[in-house]
Amino acid sequence: MTVRVRFAPSPTGYLHIGGARTALYNYLFAKSKGGTYILRIEDTDLERSKKEYEELQIADLKWLGIEHNEGPDVGGPYGPYRQSERLPIYKTHAEKLIEKGHAYYCFCTPEELEAKKEIAVRESRVPQYDGKCRNIKFEEAQNRISSGGPASIRFKAPHKAYVFMDGVRDRVVFPEGMVGDFVIMRSNGLPVYNYCCVIDDWLMKITHVIRAEEHLPNTLRQLMLYEAFEVRPPEFAHVSLLIGKDRQKLSKRHGATSVAQYKEESYLPEAMCNYLCLLGWSHPGEVDIFKKTDLVGVFGIERFQKAAAMFDLEKLQWVNGQHIKAMNAQELILKAKEFIPTDSPFHRQSVEWQEKCLDLFKSQIHFFKDFETHIAEIFSREVVENEKLVEINSWETTPQIRQYLKEEIKKLKDSGVTFVNELQINQWTEHIKGELKIKGKPLFMGMRGVLTGRDHGPELKFLIPLTPIEILADRI
RNA sequence: GCUCCCAUCGUCUAGCCCGGUCUAGGACAUCGCCUUUUCACGGCGGUAACAGGGGUUCGAAUCCCCUUGGGAGUACCA
């Protein structure tokens, strides 16, 4: 039997990093098992679902490189993949359930239900449906419906315990009486999550359900439904939750929680996947930097952590930095086109210049946008007047260096040179050492201060050849 | 309230299933040193954890029980 997994988001907002992690796990599992990964849109909550969110989420998933084999936009043999387009299917199966005596029409009003619930809570009882409509005869129900009475469909919850084996939690037991008869079709004709989830997973031939732990209690209702349909349930694996600094389920108040925000901040999609993957799963070789393709054949549900994982921005940044460092010149240039603003002087330089520049700074940044600040420094004509620089300028040797370099740069500039080369810098250094008799700290720091206008930065022999000579002249 | 789930450095985790090799390993962060006549990168090293209590056992991070703490769910949301 080939593995079939799915990620089933509801289009009620942006793609959350928790959702991205779940999607990633499903995708990785499919890839590792040579299976199929399906995207299903759960849009039965009409009030909150929006088409634009669906598109946004698909775009974010695509950006992360998590591409589905079947889904609303690419089709597939078990469509439609949007629940709002599967309404007749849910209806038919609900009717079958009624025929088989597993479900019934319920005419209780929301107000009535709410009142009963309140009483139950006050009497500290578990608020469960009391089964008021359970014994209404089918014919009577039909009559009430045809005369316009709004009805929902309730499933008769069996009174027994349920046990299943979870890929992460092992043996999970739900004791008897945890849930009362629950609604599967709302009175407005739309199905309820736990119900359509079962229908879809069954009809789409899903073999493994990998989802967040918050769904664990839902599994009980779903197990009941599978049983009523006489269908073997899929394998379940409930992955630990993602939590924030306060140990609560990760949500908007913890800062950037949507994938799009990280995309915007120039994080690399591979780095995001890498980090997200490590939040609750561990590599058997204790490797911590990898690409999705490295995980084929390695990823499996045996190495999930049961406890919740805290999202740590600092480590994400480190992982992102590691991915940048591992990039070669071509990859860097490609990404630079994407992330460095079009008005940056970066884009006006030669390819050779760009390669050298990116290579020079790639080991000291955490994310791509950091390149911008370094590039801005190269092209900055201003001289930073901080304490250290004032000190450098106060040395009696510094004016000599300035005078010498000023003349040298003018000479080169007048002869049409636009960039100084490394050789030239060595010659300057030798001259200052030999003729001006300046050496050690005054020599190097003096040159740095005079040429860059700053007290720190990369090695001069790499940095100066990247700086246009006219800018050097201006600074001096 | 009720039901379910969870518990190793500040954080992510290895080890747990199949007790001894664990004076508990790695990574992020942090601190120190080296390297770099700067900053970073890099290298080396330090601080830092088996929630508590009972069992079982010659021996427990590992198996069992209790306590405590944390989390999730409790909808005609997903």
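Lettering follows sequence order; numbering is per chain, from 1.
- Atom-to-atom, CD1 of A/I243 to P of B/C5 comes out at 19 Å; the value is rounded to the nearest Å.
- Residues A/Y53 and A/Y14 place their aromatic rings such that the two centres sit under 6.0 Å apart.
- When both pairing distances are held under 3.5 Å, B/U30 makes a Watson-Crick or G-U pair with B/G46.
- Classification of the A/F164-A/F174 ring pair by plane angle, with boundaries at 30° and 60°, yields parallel.
- Looking at A/H68 and A/D73, their side chains do bring a donor and an acceptor atom within 3.5 Å of each other.
- In this structure, CZ of A/F304 is placed 16 Å from P of B/C12, rounded to the nearest angstrom.
- Whole-Å rounding puts the A/N386 CG to B/C39 C1' distance at 12 Å.
- No hydrogens or angles considered: nothing links the side chains of A/Y195 and A/Q222 as a donor-acceptor pair under 3.5 Å.
- Using C1' as the reference atom, B/U68 and B/G32 are 38 Å apart when rounded to the nearest Å.
- The 5' end of RNA chain B is approached more closely, in terms of each residue's nearest nucleotide, by A/R303 than by the other of A/Q364 and A/R303.
- Results of the side chain to side chain contact (heavy atoms under 4.5 Å, CB included) test with A/T452 over A/M447, A/R475, A/E377 single out A/R475 as the only residue that passes.
- Look at the C1' atom in both B/U30 and B/A75: the space between them is 46 Å, to the nearest Å.
- Comparing the P positions of B/C9 and B/G25 gives a spacing of 14 Å, expressed to the nearest Å.
- A distance of about 43 Å separates the P atoms of B/U57 and B/G73, rounded to the whole Å.
- Remark: the separation of the C1' atoms in B/A49 and B/A14 is 13 Å, to the nearest Å.
- Note on A/G280: only backbone sugar-phosphate atoms sit closer than 4.0 angstrom, heavy atoms only; bases stay farther off.
- Remark: B/U38 base-pairs with no nucleotide; criterion is Watson-Crick or G-U wobble with both hydrogen-bond distances under 3.5 Å.
- Each of B/C41, B/C12, B/A14 was ranked by its minimum atom distance to the side chain of A/K325; first place goes to B/C41.
- When each of A/Y275 and A/P175 is assigned the nucleotide of RNA chain B bearing its nearest heavy atom, the one mapping closer to the 5' terminus is A/P175.
- A close approach under 4.0 Å does not occur between any side-chain nitrogen or oxygen of A/K362 and OP1 or OP2 of B/A40.
- Taking the six-membered ring where tryptophan is involved, the planes of A/F299 and A/F304 are perpendicular, since the angle between them exceeds 60° and thus also 30°.
- Using modelled atom types and a 3.5 Å distance limit, the side chains of A/N393 and A/T398 yield no donor-acceptor pair.
- Nucleotide B/G69 forms a Watson-Crick or G-U wobble pair with B/C6, both donor-acceptor distances falling under 3.5 Å.
- Nucleic acid contact for A/P458: base, since at least one base atom lies under 4.0 Å from a heavy atom of the residue.
- When both pairing distances are held under 3.5 Å, B/G1 makes a Watson-Crick or G-U pair with B/U74.
- In this structure, CD of A/Q305 is placed 13 Å from C1' of B/U11, rounded to the nearest angstrom.
- Under a 4.0 Å N-O distance rule, the pair A/R448/A/D455 does not qualify as a salt bridge.
- Nucleotide B/C18 forms a pair with no other nucleotide shown, judged by Watson-Crick or G-U wobble geometry with both contacts under 3.5 Å.
- Taking atom CG of A/L463 as the reference point, atom C1' of B/A40 lies 13 Å away to the nearest angstrom.
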In sequence, state the C-alpha distance, the side-chain angles, and the governing distance for A/H238 and A/T219, and then conclude on side-chain hydrogen bond (donor to acceptor under 3.5 Å, both in side chains). CA-CA 10 Å; A/H238 289 91; A/T219 313; 3.2 Å; yes
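- Rounded to whole angstrom, the span from the CD1 atom of A/I438 across to the P atom of B/U37 amounts to 18 Å.
- B/G54 and B/G10 have their P atoms separated by 23 Å, with the value rounded to a whole Å.
- The interatomic distance linking A/W395 (CH2) with B/U37 (P) rounds to 15 Å, in whole Å.
- Between A/L216 atom CG and A/R169 atom CZ the span is 6.5 Å, to the nearest 0.5 Å.
- Rounded to whole Å, the separation between the C1' atoms of B/A61 and B/C34 comes to 36 Å.
- Ring pair A/H283/A/W281 is perpendicular by interplanar angle, where above 60° counts as perpendicular and below 30° as parallel.
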With B for base contact, S for sugar-phosphate-only contact and - for none (protein heavy atoms under 4.0 Å), nucleotides 72-78 of chain B reads SS-SBBB
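- A/K306 comes within 4.0 angstrom of the backbone, heavy atoms only, and of no base.
- Separating the P atom of B/U35 from that of B/G53 is a span of 47 Å, rounded to the nearest Å.
- Checking A/D200 against A/Y81 by side-chain atom types alone, no donor-acceptor pair falls below 3.5 Å.
- Note on A/R448: a base of the nucleic acid sits closer than 4.0 angstrom, heavy atoms only.
- Rounded to a whole Å, the CG atom of A/L250 is 12 Å from the P atom of B/C12.
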With 3.5 Å as the limit, what N/O pairs link the protein to nucleotides 25-29 of chain B?
from: B/G25; atom 1: N2; to: A/E286; atom 2: OE1; distance (Å): 2.9
from: B/A27; atom 1: O4'; to: A/D288; atom 2: OD2; distance (Å): 3.4
from: B/A27; atom 1: O2'; to: A/D288; atom 2: OD2; distance (Å): 3.4
from: B/A27; atom 1: O2'; to: A/K315; atom 2: NZ; distance (Å): 3.4
from: B/A27; atom 1: N3; to: A/K315; atom 2: NZ; distance (Å): 3.1

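- Nucleic acid contact class of A/V173 (heavy atoms, under 4.0 Å, all strands): sugar-phosphate only.
- Remark: B/A61 base-pairs with no nucleotide; criterion is Watson-Crick or G-U wobble with both hydrogen-bond distances under 3.5 Å.
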